[in-house]
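Scroll down for the structure; my scribbles are underneath it.
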Amino acid sequence: MADFTVGDDDHFRLDGRPVRLLSGALHYFRVHEAQWDHRLSMLRAMGLNCVETYVPWNLHEPRPGRFRDVAALGRFLDSAQRAGLRAIVRPGPYICAEWENGGLPTWVTGRYGRRVRTRDAGYLDAVRRWFAELLPQVVERQIDRGGPVIMVQAENEYGSYGTDQEYLRQVAAMLVELGVSVPLFTSDGPEDHMLTGGSVPGLLATANFGSGAREAFRVLRRHQDKGPLMCMEFWCGWFEHWGAPPVVRDPAQAADALREILECGASVNIYMAHGGTNFGGWAGANRSGPLQDQRLLGTVTSYDYDAPVDEYGRPTEKFWLFREVLAPYADGPLPEPPPEPAGLAAPLRAALTGWAPLSDVLEALGDEEQPESGVPPTFEELGVDRGLVRYRVAVPGPRRPYTLGVSGLRDRAVVYVDGVRRGVLSEEDGTLDEPVAGPAEVELWAESLGRVNYGPRLGEAKGITGGVLHERQFLHGVRARALRLDAFEDAAAVASVPFVPVDGAGRGGLYRGSFELAAADARETGHAGLELPGWTRGFVWVNGFCLGRYWSAGPQRTLYVPGPVLREGSNEVWVLELEEAGAPYAELGPGPASRTAAGVPEAAGI
């Protein structure tokens with residue numbers, strides 16, 4: 001057993017000895033479990049002695065009291081210990097992380113609304129029930145019990161959100177009551193108002209930033225005059241949004257910023273050391289612009305983050321530069337990186353030969369249609385986190401043509417009038433180009449592009465949050481039916497969809513196809529990249545594993561396929577296209593080249 005403490009002399013101490021934490025963020029839920037050991041070995045080879053992970057509540061408790069593989073966290077912490085790494089756990093309950101709804105379940109934000117992340121008794125009861133289920137995975141693996149866990153975070157960047165100190169104290173007390181005995185900490189931006197709002201007396205305060213360490217730590221010292229300094233999130237790269245340019249950071253500049261942190265005598269957590277992938281449609285979204293008129297920016301499926309270990313598990317130039325910076329602080333010679341994962345040996349095509357319209361997919365996999373209601377129910381009212389909702393409403397008649405639109409649409413809807421596709425509406429452009437006469441039957445297939453994960457609009461509802469308008473008149477008598485992404489986890493149910501041969505019309509719907517892999521290729525392939533040339537927007541599965549969302553808006557063009565998902569013989573591909581399909585095939589290859597100083601795309605730096 002060992003003892004890890006936060007000293008009063010500017011040091012962390014392990015069994016009384018001063019230690020510096022050289023940590024890297026790696027989220028177990030963004031990496032295929034069969035690849036954890038490789039990615040953790042990469043962190044060790046870069047010169048790190050610790051790994052940090054968030055825990056997404058919504059992934060593990062999608063519905064109240066229905067817990068799902070909470071033990072995954074424990075298995076990951078065991079993998080970290082086998083790799084020779086200590087562990088920092090950040091269980092939230094809110095995590096941001098560019099993850100759907102900041103990690104909060106939609107049933108929580110739908111039920112408690114603006115009371116989340118406050119001292120509200122109902123919300124805190126839900127947090128306590130979740131922590132009671134989760135924390136045994138952490139408690140039994142704390143360092144004083146022979147495990148790798150050395151610190152646990154209370155909440156996350158709360159100073160960027162609120163000032164409810166009573167809430168923070170209750171979260172911290174809850175962690176202790178449920179068995180956390182290692183040091184607790186908070187993390188916030190190095191701004192006076194953030195540190196004032198997010199710090200808790202008696203807990204170590206840490207700072208999050210991407211450069212300017214000396215100034216950042218100077219601000220931190222105004223709020224905490226003693227104890228070890230730590231950058232809990234050293235942003236060595238950044239995330240990307242659909243429809244925006246790719247974002248990269250110069251490797252040499254990032255290495256210099258890391259060096260400055262270490263020259264300050266501080267500990268560091270590199271965010272991200274390896275970013276991974278937002279599998280399963282779990283990517284979040286952000287709001288940009290003035291508070292009352294903010295544009296939604298959905299986060300792409302890749303969480304590569306321009307990290308030193310890229311999405312495909314390969315070392316980048318940033319990896320080698322960071323290794324040079326970190327090596328002098330290591331206890332001994334650094335291990336060599338494990339062998340680089342092999343990409344698919346040769347490009348191939350998966351012919352998509354079967355197709356079913358969305359209406360048939362909904363009939364086979366969807367929820368029951370809700371009774372007719374006066375106003376459209378939101379995703380939250382329907383209990384839907386990820387997926388689609390089909391809204392149906394009648395335009396009475398006879399009446400002459402008027403504009404048809406939606407108020408409060410979040411975030412995008414494909415509209416059919418009397419079975420004919422008439423356009424795509426968005427939050428910014430909520431009116432069809434051509435007017436609609438009555439009587440008519442209108443269908444709106446609405447999709448969330450990711451829930452807000454940061455800022456005051458956290459937890460906002462999705463779907464049609466206002467109403468359907470014909471001219472200025474609301475149309476009532478709405479029928480709603482959900483198609484959840486989770487429904488595609490049932491392969492037998494997907495097999496029951498009445499597929500017909502693809503006729504080349506390029507319509508939206510569910511497409512099915514396959515490709516073959518020889519035994520040797522299946523064994524040796526560490527990853528593949530999948531592209532859908534000419535397709536518009538939707539989701540892809542390989543052998544029942546959801547790779548995530550694709551969208552022609554870019555910048556991401558290639559979806560990461562983990563090698564463990566592939567198998568010898570026939571491999572099945574499903575594509576759920578929501579707008580217009582391209583050529584009836586998916587292309588698979590070794591994936592994009594690793595980012596290097598000479599090979600990064602032109603983009604805005606961070």
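These figures come from a predicted structure and were not determined experimentally.
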Notebook entry, point to check: Do Y158 and Y167 have ring centroids that are under 6.0 Å from one another?
Noted result: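 Centroid distance Y167-Y158: below 6.0 Å, so yes.
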Note to self: Angle between ring planes, Y303 versus Y271, binned at 30° and 60°: parallel, tilted or perpendicular?
What the structure shows: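 Answer is perpendicular, since the angle exceeds 60°.
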Next item on the list: Just say parallel, tilted or perpendicular for the rings of H527 and Y312, cut-offs at 30° and 60°.
Entry: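 It falls in the perpendicular class, over 60°.
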Looking at [Y], is its backbone amide N or carbonyl O close enough to the side chain of [X] to form a donor-acceptor pair, meaning the two atoms are under 3.5 Å apart?
X: N453; Y: N101; value: no
X: D385; Y: G383; value: no
X: E381; Y: T378; value: yes
X: Q556; Y: S302; value: yes
X: Y391; Y: I464; value: yes
X: R567; Y: S570; value: yes
X: D120; Y: R115; value: no
X: H274; Y: D310; value: yes
X: S407; Y: G467; value: yes
X: H470; Y: V436; value: yes

For the pair [X] and [Y], find out whether any cationic side-chain nitrogen is under 4.0 Å from an anionic carboxylate oxygen.
X: E579; Y: R412; answer: yes
X: R90; Y: E233; answer: yes
X: R287; Y: E460; answer: yes
X: E489; Y: R68; answer: yes
X: R451; Y: E380; answer: yes
X: D164; Y: R117; answer: no
X: R392; Y: E369; answer: yes
X: E427; Y: R295; answer: no

Side chains of [X] and [Y]: does their closest heavy-atom pair fall under 4.5 Å?
X: P105; Y: W130; value: no
X: L134; Y: F67; value: no
X: V393; Y: F474; value: no
X: Q294; Y: R457; value: yes
X: L547; Y: V561; value: yes
X: E98; Y: Y305; value: yes
X: F515; Y: L566; value: yes
X: E311; Y: T277; value: yes

Next item on the list: Report the C-alpha separation of D306 and W238 in whole Å, then their side-chain angles, then the decisive distance to 0.1 Å, and conclude whether the side-chain contact (heavy atoms from CB on, under 4.5 Å) test is met.
Entry: CA-CA 6 Å; D306 194 22; W238 207 244; over 6 Å; no
Checking side-chain polar atoms at under 3.5 Å, does [X] have a donor or acceptor matched by the opposite partner on [Y]?
X: E572; Y: S514; answer: no
X: N58; Y: W282; answer: no
X: E577; Y: Y550; answer: yes
X: S160; Y: Y454; answer: yes

Next item on the list: Go through the steps to decide whether F488 and V361 satisfy the test side-chain contact (heavy atoms from CB on, under 4.5 Å), and finish with yes or no.
Entry: CA-CA 10 Å; F488 292 84; V361 179; 4.1 Å; yes
Item checked: Reference residue Y511; test ring pair (Phe, Tyr, Trp, His ring centres under 6.0 Å); the match among F539, W541, W535 ->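 Of the listed options, the one satisfying the test is W535.
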Note to self: My understanding is that only one of F76, W99, W57, F279 makes a ring pair (Phe, Tyr, Trp, His ring centres under 6.0 Å) with F29; could you say which?
What the structure shows: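 Testing F29 for a ring pair (Phe, Tyr, Trp, His ring centres under 6.0 Å) against F76, W99, W57, F279 leaves exactly one candidate, W99.
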Margin query: Against the six-membered ring of W107, is R63 placed for a cation-pi contact (under 6.0 Å from the centre, within 45° of the normal)?
Written below: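 Relative to the ring axis of W107, which defines the angle, R63 lies outside at least one limit.
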Next item on the list: Evaluate side-chain contact (heavy atoms from CB on, under 4.5 Å) for D490 paired with L365, printing each intermediate quantity in order.
Entry: CA-CA 9 Å; D490 185 345; L365 301 177; 6.0 Å; no
Note to self: Quick check on side-chain contact (heavy atoms from CB on, under 4.5 Å): which of L483, L362, L485, V414 does L388 satisfy it with?
What the structure shows: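 Answer to the side-chain contact (heavy atoms from CB on, under 4.5 Å) test with L388 among L483, L362, L485, V414: L483.
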